[in-house]
Colleague: 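Sharing a structure here in structure tokens format.
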Amino acid sequence: MALSDLHHHNRGLTTLSEINVTPLVDVMLVLLVIFMITAPLLQTGIRVTLPKTKTVEAQPPPSRAIIITIDQQGNIYLGTAGRMGHDAIPVDDLPARLTERLSQSSDKRVFIRGDGETPYRIIAYVLSLCRSAGASVNLVTEPLK
């Protein structure tokens, strides 16, 4: 076949001018799955089984809100909404650390996430510490289904 014959043979073919979106869709689905898995972990941080109430409204805490988490064993974690980790602190250090965080923040709200199995005396103690530090306290619960 001569070069001129090859040139005439390919004349009827056109180049593909469309974008192949399959790899883009694959990447977007992978990102979607990653965000679906990590979003609840970023919001809660420490795993606790929150008590369920009938009259709760599902409202996430503000992005810079102070969050105190109390797990089933009574360990206390101090953190901020929107920040990845929470610091485990001794109960004796809570008043000073809480006062320090409240002085640095314009928002004086504190959200307490207490496990449903945590002894009430621990939650009541943390609640009184927050109020004596000048914080407005919110107890975090889950809706009853």
Side-chain angles (χ1 to χ4, degrees), residues 6-145:
L6 188 61
H7 181 66
H8 290 293
H9 179 55
N10 289 336
R11 187 176 279 181
L13 299 176
T14 60
T15 59
L16 182 62
S17 61
E18 297 175 7
I19 297 174
N20 187 3
V21 296
T22 304
L24 176 66
V25 171
D26 289 344
V27 169
M28 294 305 292
L29 287 174
V30 168
L31 288 174
L32 178 66
V33 169
I34 289 171
F35 285 124
M36 286 173 57
I37 291 171
T38 59
L41 296 175
L42 292 175
Q43 187 176 22
T44 59
I46 309 299
R47 269 225 184 279
V48 292
T49 305
L50 295 173
K52 297 182 182 340
T53 59
K54 189 174 185 177
T55 59
V56 69
E57 291 182 31
Q59 293 180 342
S63 63
R64 303 305 263 159
I66 298 169
I67 297 179
I68 298 174
T69 304
I70 307 167
D71 66 9
Q72 189 174 4
Q73 289 77 29
N75 298 320
I76 298 174
Y77 301 88
L78 182 62
T80 305
R83 201 187 89 190
M84 186 62 176
H86 287 66
D87 304 324
I89 59 170
V91 69
D92 297 335
D93 292 350
L94 183 62
R97 300 272 298 271
L98 184 61
T99 304
E100 177 187 342
R101 290 256 179 120
L102 286 170
S103 67
Q104 295 171 354
S105 175
S106 60
D107 190 0
K108 301 298 182 201
R109 290 182 291 176
V110 173
F111 292 82
I112 298 177
R113 298 178 64 243
D115 192 284
E117 301 297 319
T118 303
Y120 181 70
R121 62 181 165 74
I122 297 172
I123 293 177
Y125 178 69
V126 171
L127 186 69
S128 69
L129 286 177
C130 292
R131 287 197 175 140
S132 66
S136 168
V137 181
N138 301 282
L139 297 176
V140 180
T141 62
E142 286 184 346
L144 185 64
K145 295 178 182 173

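Values in this document were obtained by computation on a predicted structure and should not be read as measured data.
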Colleague: Within a radius of less than 6.0 Å around CD1 of I19, do more than 12 heavy atoms belonging to other residues, nucleotides or ligands occur?
Modeller: no
Colleague: Work out which heavy atom in L98 is nearest to a heavy atom in A133; give both atom names and the distance.
Modeller: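 Where L98 meets A133 most closely, the heavy atoms are CD2-CB, 4.2 Å.
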Colleague: Which atom names give the shortest non-hydrogen contact between G74 and I122, and what distance separates them?
Modeller: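 Shortest heavy-atom contact: CA-CD1, 3.8 Å.
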Colleague: Ignoring hydrogens and angles, tell me if any N or O in the side chain of S132 forms a donor-acceptor pair with the backbone of S128 under 3.5 Å.
Modeller: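 Confirmed, S132 side chain pairs with S128 backbone.
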Colleague: Just verifying a value: how many Å separate I66 CD1 and I112 CD1, rounded to the nearest 0.5 Å?
Modeller: 11.5 Å
Colleague: Can you see which heavy atom on A135 is nearest to which on L102, and at what distance?
Modeller: CB-CD1, 3.8 Å
Colleague: Any chance you could measure D71, atom CG, to T118, atom OG1, to the nearest 0.5 Å?
Modeller: 6.5 Å
Colleague: When rounded to the nearest 0.5 angstrom, what distance separates CG in D115 from OG1 in T69?
Modeller: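 Nearest 0.5 Å value for the CG-OG1 distance: 10.5 Å.
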Colleague: Check step by step if side-chain contact (heavy atoms from CB on, under 4.5 Å) holds for I68 and L94.
Modeller: CA-CA 10 Å; I68 298 174; L94 183 62; 4.2 Å; yes
Colleague: Work out which heavy atom in G134 is nearest to a heavy atom in K108; give both atom names and the distance.
Modeller: O-CB, 4.1 Å
Colleague: Indicate the atoms forming the closest heavy-atom contact of I67 with R113, along with that distance.
Modeller: CG2-CD, 3.8 Å
Colleague: State the CG-CG distance between L31 and D26, to the nearest 0.5 angstrom.
Modeller: 11.0 Å
Colleague: With rounding to the nearest 0.5 Å, note down the distance linking OH in Y125 to CD1 in I70.
Modeller: 11.5 Å
Colleague: Can you find a pair of side-chain heavy atoms, one from V126 and one from V137, that are under 4.5 Å apart?
Modeller: no
Colleague: Atom CD in E100, atom CG in L78: separation rounded to 0.5 Å?
Modeller: 9.0 Å
